[in-house]
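Working notes, beginning with the structure itself.
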Protein chains: 2
Amino acid sequence: MSSHRSLCPINLALEIIGDRWSLLIVRDLAFADKRHFRELLQSEEGISSNILAERLARLVEAGILSKSDDPTHKQKAIYSLTQMGIELLPVLAQIGIWGRKHLPVTKESGAPAAKLEKGGPALWKQLQAELGKTHLPAGETKAQSARRPAG
Amino acid sequence: MSSHRSLCPINLALEIIGDRWSLLIVRDLAFADKRHFRELLQSEEGISSNILAERLARLVEAGILSKSDDPTHKQKAIYSLTQMGIELLPVLAQIGIWGRKHLPVTKESGAPAAKLEKGGPALWKQLQAELGKTHLPAGETKAQSARRPAG
DNA sequence: ATGACCGCTTGTATATTGCAACCAGTTGCA
DNA sequence: TGCAACTGGTTGCAATATACAAGCGGTCAT
């Protein structure tokens with residue numbers, strides 16, 4: 001996918017995460033603490049294994065996730081959010097807030113989104129910092145924001 | 001679309017806007033002031049007419065857009081954002097901010113997103129208020145909307 | 001050694017998308 | 001009146017993506 005439909009940042013983002021599964025995978029990594037293939041396969045929405053495999057590969061290639069070996073099991077892979085992935089949290093939050101407000105969400109299913117709305121950006125940053133600790137290689141913090149206004 | 005994969009607000013939202021075109025249509029309505037089919041067809045990304053037609057119908061049915069007659073032309077339809085659609089602006093903003101930061105955006109193509117980031121939620125609310133004036137039926141504000149007083 | 005578990009892959013059927021051509025009605029202009 | 005340009009879409013077809021179920025070689029604890 002090296003040719004883009006346009007260079008609009010919204011379009012470029014949608015070319016990666018513009019489907020019905022990618023953000024749910026990020027959600028499960030960020031909020032449900034799922035790190036293994038078989039865990040992610042148990043998503044509430046019932047993703048198929050081939051779709052999950054393809055999306056994980058895509059998200060890794062895009063730089064949103066990273067894949068590493070689990071030292072306790074030679075066949076297990078650990079999927080982690082990268083800094084780029086962690087920074088999708090405000091996107092997830094706004095989508096959740098919008099969905100809770102306008103779509104047929106039950107009280108329980110909307111509770112996490114309600115929390116995100118009440119806490120606001122301050123809470124999001126706090127959550128991002130925690131995700132950094134559990135997902136990023138030791139030593140890397142969210143401080144290193146490398147801008148890339150390339151052309 | 002009456003059966004949902006889950007009641008998670010993020011999932012419910014993605015069932016509607018989780019594709020590569022829907023949010024671009026909302027973007028063009030919100031930022032490029034495109035209101036007619038043929039205008040939207042000229043999107044920078046080159047959407048096909050059948051896809052555009054299907055998405056417009058879907059977004060109208062979902063309550064994100066509304067469709068009305070253009071008094072100046074019997075065949076023209078005017079597409080407008082509803083309050084629900086206007087409230088997608090923070091979602092668009094966060095996606096744009098994320099895309100500008102992490103994807104190969106040029107300085108020009110990233111300028112609107114940069115503005116949205118710099119202005120922050122205060123700017124978004126201001127933009128939403130302006131969209132309300134041009135897209136919502138007269139009298140309806142961003143607060144709870146009742147039916148128009150009289151015709 | 002054996003059965004559960006690991007991240008996938010492989011069919012196969014169906015749904016979605018992309019592309020180009022086309023349509024009937026409307027409008028402005030001559 | 002005639003006609004070209006324009007209106008919001010449809011239609012047919014090929015390519016691609018998705019869903020579902022089954023299976024695969026290897027690993028691990030017992």
Side-chain angles (χ1 to χ4, degrees), chain A residues 1-6 11 14-25 28-29 32-62 65-81, chain B residues 1-6 11 14-26 28-29 32-62 64-81:
Chain A
M1 182 98 69
S2 51
S3 79
H4 300 294
R5 302 184 298 186
S6 86
N11 171 63
L14 290 177
E15 285 183 2
I16 299 176
I17 56 163
D19 68 274
R20 278 191 291 295
W21 289 113
S22 296
L23 285 182
L24 293 182
I25 294 171
D28 282 351
L29 275 153
D33 201 37
K34 300 184 178 179
R35 305 294 291 268
H36 302 295
F37 190 92
R38 285 289 226 270
E39 288 175 336
L40 291 162
L41 198 56
Q42 310 295 327
S43 75
E44 203 183 345
E45 291 81 15
I47 191 172
S48 306
S49 58
N50 54 349
I51 303 292
L52 176 58
E54 201 249 350
R55 286 301 186 284
L56 285 172
R58 228 167 126 160
L59 292 172
V60 167
E61 197 197 346
L65 305 184
S66 68
K67 183 181 177 179
S68 58
D69 294 337
D70 186 331
T72 74
H73 191 306
K74 286 192 177 173
Q75 271 187 326
K76 267 188 175 173
I78 301 179
Y79 289 96
S80 305
L81 293 167
Chain B
M1 187 127 49
S2 48
S3 79
H4 302 292
R5 301 183 298 185
S6 84
N11 172 64
L14 290 177
E15 286 184 2
I16 299 176
I17 57 163
D19 69 274
R20 279 190 284 299
W21 290 112
S22 296
L23 285 182
L24 293 182
I25 295 172
V26 174
D28 282 351
L29 276 153
D33 202 37
K34 300 183 177 178
R35 305 294 291 268
H36 304 296
F37 189 93
R38 284 297 224 269
E39 289 176 335
L40 292 162
L41 199 55
Q42 311 295 328
S43 75
E44 202 184 344
E45 291 81 15
I47 190 172
S48 305
S49 58
N50 54 347
I51 303 290
L52 176 59
E54 201 249 350
R55 286 301 186 284
L56 286 172
R58 228 166 124 160
L59 291 172
V60 167
E61 198 198 345
I64 291 172
L65 306 184
S66 68
K67 182 181 178 179
S68 59
D69 294 338
D70 186 330
T72 74
H73 192 305
K74 287 190 179 175
Q75 272 189 324
K76 268 188 174 174
I78 301 178
Y79 289 96
S80 305
L81 293 167

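Every chain is numbered from 1, with letters handed out A, B, ... down the list of sequences.
When rounded to the nearest whole Å, the span between CG of B:L52 and P of D:dT7 equals 13 Å. Rounded to whole Å, the distance from CG on A:L40 to C1' on C:dG7 is 11 Å. Computed from coordinates, the B:D69 CG to D:dG9 P distance equals 11 Å when rounded to whole Å. One can place NZ of B:K74 at 19 Å from C1' of D:dA5, the figure rounded to the nearest angstrom. Between the C1' atom of D:dG8 and the CG atom of B:D70 lies a distance of 12 Å, rounded to the nearest Å. Rounded to an integer number of Å, the gap from CG of B:L41 to P of C:dA21 is 15 Å.
With A:D70 contributing its side chain and A:T72 its backbone, the two residues share a donor-acceptor pair below 3.5 Å.
Over its length, the helix from C:dA1-D:dT30 to C:dA30-D:dT1 turns its helix axis by 20°, as judged from the five terminal pairs at each end, rounded to 10°.
Distance check: A:H36 NE2 to A:I78 CD1 gives 5.5 Å after rounding to the nearest 0.5 Å. Atoms CG and CZ, from B:L23 and B:R55 in turn, are 11.0 Å apart once rounded to the nearest 0.5 Å. Rounded to the nearest 0.5 Å, atoms OG (B:S49) and CG (B:L56) are 11.0 Å apart. If you take CG on A:D19 and CG on A:L24, they are separated by 8.5 Å, rounding to the nearest 0.5 Å. With rounding to the nearest 0.5 angstrom, the CG atom of A:L81 is 9.5 Å from the CG atom of A:L59.
Counting non-hydrogen atoms of other residues, nucleotides and ligands closer than 6.0 Å to CZ of A:R20 gives a total of 12 or fewer.
For B:S66, the side chain to side chain donor-acceptor pair (under 3.5 Å) criterion is met by no residue, not counting sequence neighbours. Residues satisfying the side chain to side chain donor-acceptor pair (under 3.5 Å) test with A:S80, not counting sequence neighbours, are A:R35.
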Report all interatomic pairs (protein N or O, nucleotide N or O of nucleotides 2-6 of chain C) with separations under 3.5 Å.
{"residue": "C:dC6", "atom": "O2", "partner": "A:Q75", "partner atom": "OE1", "Å": "3.0"}
{"residue": "C:dC6", "atom": "O2", "partner": "A:Q75", "partner atom": "NE2", "Å": "3.2"}

Are there any protein N/O atoms within less than 3.5 Å of an N/O atom in nucleotides 17-20 of chain D, and if so, which ones and at what distance?
{"residue": "D:dT18", "atom": "OP1", "partner": "A:R55", "partner atom": "NH2", "Å": "2.6"}
{"residue": "D:dT18", "atom": "OP2", "partner": "A:R55", "partner atom": "NH1", "Å": "3.3"}
{"residue": "D:dT18", "atom": "OP2", "partner": "A:R55", "partner atom": "NH2", "Å": "3.1"}
{"residue": "D:dA19", "atom": "OP2", "partner": "A:W21", "partner atom": "NE1", "Å": "2.9"}
{"residue": "D:dC20", "atom": "N4", "partner": "A:N50", "partner atom": "ND2", "Å": "2.7"}

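Within the structure, every pair that satisfies the salt bridge (charged side-chain N to carboxylate O under 4.0 Å, His left out) test and touches residues 37-49 of chain B, not counting sequence neighbours, is listed here: B:R27-B:E45.
Between B:V60 and B:Y79, some side-chain heavy-atom pair lies under the 4.5 Å cut-off.
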